[in-house]
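Below is one structure, written out as C-alpha cells; comments come after it.
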Amino acid sequence: MDVGFVGNGEMADAIMDRLRQAGHRLHHDRHGRSAFRDQAGMCDVVMMLLPDARAVESALFGDARFANDGFAGALPPGTLVIDLSRIPPSEASANAARLSGMGVLAADAPLAPGFTPGFTIDLGGSDAACARAEPLLRLFSDGVVRAGGPGDGQRAHLARTADRKNDDPDGLHRLLRLMAFDGPAEPMLSAS
C-alpha cells in the first residue's frame, strides 16, 4: 500500500519505520504542501503528525499566501487521511467534513507527546474510515479504541490525558503514600 506521511521528528520516524517493516511504500514530506501534492495523489492513505491545528489545516487545504497548495485537493476519492496530531475536536470534525465533501475519508487518532510505539490510540471517524485506519494504527500501537465519529478520537484523548493529570495534580497523594510506606526519614524523638 502507498502511504503518505506528513510530519517529522522521532515519533514520525518510529511510525514510518513500522510502516516500512510491514511492507508499505512511504512518501514523506515535512509540511505536506506544494511538492507533496503529486505524491499524495498516488497514496491510498496519508498520515499526518503535525504540531497544531494551523499546521494541519495548512497541510491539508493550503494557505492563501501560498496559492492554496495543500495536498487534499490532489487526493482521489476514497483516499483515507489519518490525523495523528493533537488538535481541538472541533477542528478535527471540521477537517473531516471538508474532506468528506471531496470524497476523502478522515480519521483522527491523536498521539500523546513523547509517544513511543506500543500505546493505546483513541480513534474517531466514520465507520468506513475507522475500519481502514485501525490495521495501520495497530502496526505501531498495542491497541486502538474506537471513540466514535469525527473529532471523538480527540475528545477521548483529551479525557484520557486529563484523567492522568488530575490523578494527583499537586503530588500530595504521592507524598502521603511515600510517608505511609517508607516512614519518616529520621526516628522521631520522644518528648521526655
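Predicted model, so just to flag it, every value in this text is computed and none were measured. We number each residue from 1, following the sequence as shown.
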With distance as the sole test, does [X] use its side chain to make a donor-acceptor pair with the main-chain N or O of [Y] at under 3.5 Å?
X      : Y      : answer
Ser93  : Pro150 : yes
Gln154 : Pro88  : no
Arg30  : Gly7   : no
Asp108 : Gly153 : yes
Glu134 : Ala129 : no
Arg25  : Cys43  : no
Thr79  : Leu75  : no

Euclidean distance, Leu136 CG relative to Ile15 CD1, rounded to 0.5 Å
11.5 Å
Return the CD1 to CG distance between Ile121 and Leu137, rounded to the nearest 0.5 Å.
4.5 Å
Would you call Arg155 and Asp122 a salt bridge, taking side-chain N to carboxylate O under 4.0 Å as the test?
no
Does the pair Glu91/Arg86 count as a salt bridge with the N-to-O cut at 4.0 Å?
no
Any side-chain heavy-atom pair from [X] and [Y] closer than 4.5 angstrom?
X      : Y      : value
Phe61  : Val56  : no
Val104 : Leu80  : no
Ser126 : Leu105 : yes
Val6   : Leu50  : yes
Asp29  : Gln39  : no
Leu49  : Met11  : yes
Phe36  : Val46  : yes
Asn95  : Leu60  : yes

Looking only at heavy atoms, what is the nearest atom pair of [X] and [Y], with distance?
X      : Y      : value
Met47  : Phe140 : CE-CE2, 4.0 Å
Pro51  : Ala55  : CD-CB, 3.9 Å
Ala59  : Met48  : CB-SD, 4.4 Å
Pro110 : His157 : CG-CB, 3.4 Å

side-chain contact (heavy atoms from CB on, under 4.5 Å) partner of Met1, the single match among Leu26, Asp44, Leu19
Asp44
Should the pair His28 and Phe5 be assigned to parallel (<30°), tilted (30 to 60°) or perpendicular (>60°) ring geometry?
tilted
Phe71 with Met42, same ILVMFWY side-chain cluster at under 4.5 Å:
no
Same apolar cluster (I L V M F W Y, side chains within < 4.5 Å links), Leu123/Val145
no
Test salt bridge (charged side-chain N to carboxylate O under 4.0 Å, His left out) applied to Asp127 and Arg146, step by step:
CA-CA 9 Å; Asp127 289 339; Arg146 177 74 199 278; 2.9 Å; yes
Are Asp2 and His24 linked by a side-chain donor-acceptor pair shorter than 3.5 Å?
no
